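As the structure is a computational prediction, the values presented were derived from the model and not from experiment.
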Amino acid sequence: MTDQVQEQQWVQNGIKRSVLPAWQNWLVTGITLTYLICELAFNSRLLDLVGSVSTADEVHNMERYGRTLTAIAAALLVLQFSLIGIVRLKKRGTHLTAKASTGAVLLLCLIAGTLTWHAVEWVIERQVSKSTGEFRQMSLLAQLYQHALIEGQQTLQGIPLDSAGGQVQTWTSPSGKAFLATLPILLSASDRYRKLLESGTEHNLRDNISAREGGLLGYYKAWLQAREEVHKQYVAYYNDEMDITETVQLEQAKAWQRYERSLEAKRLKTWNVPRRYYATVRNQVRGQGVPVSNNWSPSDRSGFNAAVAKAARQKYLAQRTVVYRGVTIPKRLDWGVFFRLNVVQKELRETLLLPANTLVREEYPLNDKLKSFALELHTPHLDEAVKRQLPELRAAGSSYSAGGVNEKLGEDAARAVIVPPIALIFSLAGALTHLAKLLYLLLVPLTAAILTRRASRPVRFLNRHPLALPVALIAALVVTFGVINNSITESGTWQNLKDGLAGAKISITDEPLPLSGGAVLRVVHAVSIGQSYSYPINQYLREHVLQGFDFGYVTREE
């Protein structure tokens, strides 16, 4: 890249200047700066996603934003080289019109962006679609383990504990989130950690379900909502305002068929009844229990239905019982009695996912800090949820493969494990590349302007080698981040990972990845350290420059 760019430079009085016209150089600089702000802001949001209990939809949303930014990064590189190419063509005597130049540049950028978008999608989808059933199953277990770490139900050896006895502060820190971004794929792709993940499956599943529902308080809110729905139905039931539309429609259809048959017995149709027989027909219809009006005509279906509805409503009001959810119950029951009816309790158990025969009370005391609610409802609910989902987790690995009963579940798990590290790698690669490009675009005109005023050996060196400083700066940062440590990289857990992954193959599909587990862990080391320094800046850009744009992911706090 250095040789190609330097070939585009031209020298005047010993000073290198940008091959692009000044306005184009500053245009590319401005666009690059805008892209960098968006990329860095996305990077901070990606870490927020990794450091939380996220859903498959949220991961998919983040993936699309990541692919879009990577496509833009490729298009920006093509933009700069296209503009340089047009300048070189002009020097060789080939002149393009402004319209043709603009069209060609935009077309090349569009092609580059589109190809990059689909290339990244292909990389991700290929890994997901070709992933083995065993990897998918391990991905599911690794996510549960990761979520248990985030929620504080699991701890790792050697990492400092916070005041609550967990390690939540570590995992909510930028370096912790960066570590968590790659931990699931490291655990999923190596058989060495299968026993670790399988041993805590039931406990981790239980904690994960509770966390997704918002814990005890979240489930209490779900109970309040379910009770409110029952109360609305109770008010309608008690005030004789229940929706009997379905019953009325059925009565209307039956009554109309009966009416048509009575006319057919006299060789008549609803549309050809002689006017002199109208009164007779009305009386016959009334005799069938349909109180039509005195001006009703035999072909008036809407008037007939209105009369049936009126009769059905009157019959409903006159009854001492009512059919509720297919069950006949007395009218005017008290709220407590109504709430504890079997038909109501069954509906509540289905809504709240509770075991059979669990009694859902209409009130729970608040003065005991929901202890009764936790014992009577929340605990049985978690037991039932675990009971239903655990067989999926313990199913054979082949059931997660293509055509297996758990294929969709396995694909979602694999995608949730594969996307964050790939998105993080592309995000960092794009950010570092365009940071180097931005510094280059700024250094060339800046050093040239300084040298026109006074001579300076350091400035002249930078002017002649404008990529030297950006490349050296980025290399120094990468090396530094790969050497220094934090509480995670100094922990016993990290050492265990190094020992366990040294030389180990990372296998997502039937073919292992080119990088070994140890090499991936070294990359994780540098990224984890680097994110602790860059995250505050990236987060500031997202919150203040992009006005809190969420990139398709909203945290609970927001």
Side-chain angles (χ1 to χ4, degrees), residues 205-206 209-255 289-291 305-392:
L205 174 61
R206 187 184 189 87
I209 293 171
S210 181
R212 287 184 180 277
E213 295 173 346
L216 175 62
L217 185 58
Y219 190 67
Y220 182 74
K221 291 178 180 177
W223 167 78
L224 287 175
Q225 184 177 358
R227 186 185 67 170
E228 178 62 25
E229 290 299 317
V230 173
H231 189 263
K232 289 179 181 178
Q233 298 166 12
Y234 172 74
V235 171
Y237 148 81
Y238 196 83
N239 295 329
D240 288 331
E241 296 174 353
M242 285 180 58
D243 183 9
I244 59 172
T245 303
E246 186 175 347
T247 302
V248 168
Q249 290 175 346
L250 184 61
E251 288 295 324
Q252 288 170 338
K254 290 181 178 178
V290 182
N305 285 342
V308 173
K310 180 180 178 181
R313 187 67 185 171
Q314 289 174 344
K315 180 180 178 181
Y316 166 74
L317 294 174
Q319 289 176 338
R320 294 185 177 182
T321 60
V322 63
V323 178
Y324 177 81
R325 298 287 193 266
V327 178
T328 301
I329 61 175
K331 284 189 175 182
R332 304 290 190 277
L333 291 175
D334 291 336
W335 162 241
V337 176
F338 177 86
F339 193 87
R340 299 195 182 205
L341 288 172
N342 288 335
V343 63
V344 175
Q345 289 286 306
K346 181 180 178 182
E347 183 178 355
L348 285 168
R349 286 192 292 268
E350 292 174 353
T351 302
L352 297 172
L353 190 58
L354 290 164
N357 301 321
T358 301
L359 175 63
V360 183
R361 289 196 279 161
E362 64 274 19
E363 292 290 344
Y364 288 92
L366 298 177
N367 55 6
D368 67 350
K369 298 182 180 180
L370 297 181
K371 289 183 179 179
S372 299
F373 179 82
L375 181 64
E376 297 178 19
L377 284 195
H378 193 226
T379 299
H381 160 70
L382 293 178
D383 292 341
E384 181 69 12
V386 169
K387 178 182 175 182
R388 295 190 185 188
Q389 296 183 35
L390 195 58
E392 290 181 340

- line: Nearest heavy-atom approach of S372 to R361 is CB-NH2, 4.0 Å
statement: Rounding to 0.5 Å, atoms CD1 (I209) and CD (Q389) come to a distance of 4.0 Å
statement: dist L341:CG -> E347:CD (nearest 0.5 Å) comes out at 11.5 Å
message: Quick one, K346 and R349 - any side-chain contact, counting heavy atoms below 4.5 Å?
response: yes
task: With rounding to the nearest 0.5 Å, note down the distance linking CG in L205 to CD in E392.
output: 9.5 Å
- request: Give a yes or no on whether the backbone of T245 and the side-chain of D243 come within a donor-acceptor separation of less than 3.5 Å.
  value: yes
N239 atom CG, over 12 foreign heavy atoms within 6.0 Å: yes
message: I'd like to know if the side chain of Q252 and the backbone of N305 have a donor-acceptor N/O pair within less than 3.5 Å.
response: yes
field: F373 side, atom CZ; L366 side, atom CG - distance, nearest 0.5 Å
entry: 10.5 Å
- prompt: Is the backbone of E229 close enough, under 3.5 Å, to the side chain of Y234 for a donor and an acceptor to pair up by distance?
  reply: no
field: Contact check, side chains of R313 and K310, non-hydrogen atoms, under 4.5 Å
entry: no
- request: For V248 and A312, work out which heavy atoms get closest and say how close.
  value: CG2-CB, 4.0 Å
Pairwise side-chain contact, Y220 with L224, heavy-atom cut-off 4.5 Å (strictly under): yes
- prompt: Can you find a pair of side-chain heavy atoms, one from V327 and one from N342, that are under 4.5 Å apart?
  reply: no
- request: Go through the steps to decide whether L352 and H378 satisfy the test side-chain contact (heavy atoms from CB on, under 4.5 Å), and finish with yes or no.
  value: CA-CA 9 Å; L352 297 172; H378 193 226; over 6 Å; no
- request: With the side chain counted from C-beta on, respond yes when V230 and W335 share a heavy-atom pair under 4.5 Å apart, and no when they do not.
  value: yes
message: Could you measure the distance from the CG atom of L333 to the CZ atom of R340? Nearest 0.5 Å is fine.
response: 14.0 Å
- request: Answer whether the closest heavy-atom distance between the side chains of D383 and R206 falls below 4.5 Å.
  value: yes
message: Does any part of the side chain of L354, heavy atoms only, come nearer than 4.5 Å to the side chain of E376, both counted from C-beta?
response: no
query: Ring centroid separation for Y219 and W223, is it under 6.0 angstrom?
result: no
- prompt: If every non-hydrogen atom of P291 is compared with every non-hydrogen atom of A311, which pair is closest and at what distance?
  reply: CD-CB, 3.8 Å
message: More than 12 heavy atoms of other residues, nucleotides or ligands under 6.0 Å from CD of E241: yes or no?
response: yes
statement: E384 meets the side chain to side chain donor-acceptor pair (under 3.5 Å) criterion, sequence neighbours left out, with R388
query: Take atom NZ in K331; do more than 12 heavy atoms of anything else shown fall under 6.0 Å from it?
result: yes
Over 12 non-hydrogen atoms of neighbours within 6.0 angstrom of CD in Q319: yes
- request: May I ask you to check whether Y324 and F338 place their ring centres under 6.0 Å from each other?
  value: yes
query: Going by heavy atoms in the side chains, are R325 and Q233 under 4.5 Å from each other?
result: yes
statement: From the list L382, T358, L359, side-chain contact (heavy atoms from CB on, under 4.5 Å) partner of L377 resolves to T358
